[in-house]
Amino acid sequence: MAAARVEDVLAAAEEQEAEKRRSVTVEKELELEFDLGNLLALDRNPPPAAGLRGAGPRREAQLRALARDNTQLLVARLWQLPAERAGGPGGPLVARLPEPAFRLPREKPPPRPRPPTRWEQFARLKGIRRRKRTALVWDEQAKEWRRRWGYRRAGGDPARAWLAEVPAGADPQEDQFARLRREKRERVARNELNRLRNLARAHRAATTVPAAPLHPTGHQSREELGHVARVARVSTASLGRFQPRLPKEPAEPPSRSGGKKRRFEPLLGNLAAERGRQLELLRDMNSKKPVLDITRAVNKQLRQEEAEAAAAKGKKQSQRGKRGRRRQHVGRSGKKSGARRQQQQRPAGSGTSSSKRKKA
């Protein structure tokens with residue numbers, strides 16, 4: 001009994017070892033074709049036809065076993081690739097995949113090409129080709145490499161140079177530095193205007209909704225069907241005037257734009273009705289009174305009062321200034337006025353005697 005038991009244990013251990021080897025070892029008549037870049041494995045071996053007939057648990061088991069074997073072969077091939085630790089010694093083990101061999105179809109459609117800008121259209125029309133230039137150039141004055149454009153560029157800003165050349169035919173009295181600064185401001189303003197125009201054009205292109213298709217889609221609403229019928233009616237030379245109408249279509253043919261048409265009264269018609277309309281219009285014009293805007297009237301009155309107060313205040317200040325100037329004038333001329341009074345109060349003879357003494 002003991003020997004039998006030992007044999008049974010050894011047999012069970014052998015079966016378990018064989019099951020483990022079978023879980024990692026897969027034998028195929030034809031080797032699989034691998035595309036490790038796409039994690040793809042192609043199995044050219046024909047599947048067992050007997051196990052795949054019908055639908056049932058047997059078929060599912062066969063498909064699961066086939067998928068498991070192929071996945072095992074793909075994983076075994078991945079482990080043969082060179083691996084490295086990502087993020088340091090303690091990171092996960094990753095393998096470098098080779099370039100994919102098969103070109104798989106993309107899930108989504110390719111993006112639409114960007115519409116060309118005005119400069120691209122002009123360059124294509126004139127045959128201008130884009131040449132890639134380096135960002136740094138050699139500056140002979142500074143003896144160093146500088147940027148081609150922008151701050152501290154090579155050659156410096158002409159408007160900040162200490163010497164400016166007078167162009168041929170220019171006014172010699174004109175300030176060339178002011179002219180250079182003015183031209184730079186104009187260039188900056190023109191570039192900013194073009195930038196804003198490009199932004200507005202791009203915004204209009206992004207917000208423009210494409211027209212709805214006029215062919216039947218199977219899910220068109222009543223409004224869409226009406227729009228299609230209206231477009232079809234006005235597509236004739238007479239704009240649908242002589243086309244037969246539908247059962248519930250209005251008598252007036254729709255316009256090309258789909259809006260309401262303006263109706264005009266005939267020139268020769270009912271004169272009594274026209275006279276009545278004119279009299280009613282005159283009656284309304286005579287009966288209507290002008291509407292009083294209280295807010296506007298109050299604001300106007302406040303502005304008028306403020307203007308009057310400001311005028312009165314300015315008048316008082318001017319009067320005060322005149323009084324001060326008058327007092328200053330009187331103080332300065334006090335001596336002269338006193339001398340004149342003394343001359344007027346002197347007798348007439350005193351003046352003659354003095355004059356005689358001077359003559360003598």
Side-chain angles (χ1 to χ4, degrees), residues 6-117 120-121 123-124 129-132 134 202 205-221 224:
V6 171
E7 291 177 357
D8 294 341
V9 172
L10 292 176
E14 290 179 359
E15 289 180 0
Q16 291 179 0
E17 189 67 22
E19 184 66 24
K20 289 181 180 180
R21 288 196 301 268
R22 188 164 49 249
S23 63
V24 297
T25 304
V26 180
E27 295 181 359
K28 293 281 187 177
E29 295 180 1
L30 300 176
E31 293 185 0
L32 273 66
E33 298 180 7
F34 296 98
D35 183 9
L36 300 181
N38 291 322
L39 298 179
L40 177 65
L42 300 177
D43 189 2
R44 304 291 185 180
N45 297 287
L52 298 179
R53 291 177 182 175
R58 185 179 179 182
R59 180 181 180 182
E60 293 295 330
Q62 290 285 346
L63 292 177
R64 288 179 181 273
L66 183 61
R68 182 256 163 207
D69 294 343
N70 293 337
T71 305
Q72 178 62 46
L73 292 174
L74 179 61
V75 172
R77 184 60 66 89
L78 289 175
W79 277 100
Q80 297 177 5
L81 295 176
E84 60 182 7
R85 294 285 180 178
L93 187 64
V94 296
R96 292 185 178 180
L97 299 178
E99 293 294 331
F102 293 92
R103 297 185 61 184
L104 299 178
R106 57 185 299 142
E107 178 186 0
K108 297 180 180 180
R112 296 180 179 179
R114 179 180 58 85
T117 60
E120 292 176 352
Q121 296 177 1
R124 187 181 305 172
R129 295 183 179 181
R130 186 175 182 179
R131 294 179 300 174
K132 187 175 181 180
T134 58
T207 56
T208 302
V209 180
L214 299 180
H215 54 80
T217 58
H219 301 282
Q220 290 176 322
S221 61
E224 294 175 351

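Worth saying up front: this structure is predicted, and the values here are computed from it rather than measured.
- In this structure the side chain of Leu81 reaches within 4.5 angstrom of the side chain of Leu97, judged on heavy atoms.
- Rounding to the nearest 0.5 angstrom, the gap separating the CG atom in Asn70 from the CG atom in Asn45 is 8.0 Å.
- Remark: Glu33 pairs with Arg44 by the side-chain hydrogen bond (donor to acceptor under 3.5 Å, both in side chains) rule, at least two apart or across chains.
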### Task
Decide side chain to side chain contact (heavy atoms under 4.5 Å, CB included) for Arg124 and Arg129; before the verdict, give the C-alpha distance in whole Å, the side-chain angles of both, and the deciding distance to 0.1 Å.
CA-CA 8 Å; Arg124 187 181 305 172; Arg129 295 183 179 181; over 6 Å; no
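- Heavy atoms from other residues, nucleotides or ligands lying under 6.0 Å from CZ of Arg106 number more than 12.
- Applying the salt bridge (Lys or Arg N to Asp or Glu O under 4.0 Å) rule to pairs touching residues 74-100 yields Glu84-Arg96, sequence neighbours excluded.
- By the 4.5 Å heavy-atom criterion applied to side chains, Leu40 and Phe34 are not counted as neighbours.
- Electrostatic pairing of Asp43 and Lys28 counts as a salt bridge here, judged by a charged N lying under 4.0 Å from a carboxylate O.
- The distance from atom CD of Gln80 to atom CG of Leu36, rounded to the nearest 0.5 Å, is 9.0 Å.
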### Task
Show your reasoning for whether side chain to side chain contact (heavy atoms under 4.5 Å, CB included) applies to Leu104 and Asn38.
CA-CA 9 Å; Leu104 299 178; Asn38 291 322; 3.9 Å; yes
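- Going from atom CG of Leu74 over to atom CG of Asp69 covers 12.5 Å, rounded to the nearest 0.5 Å.
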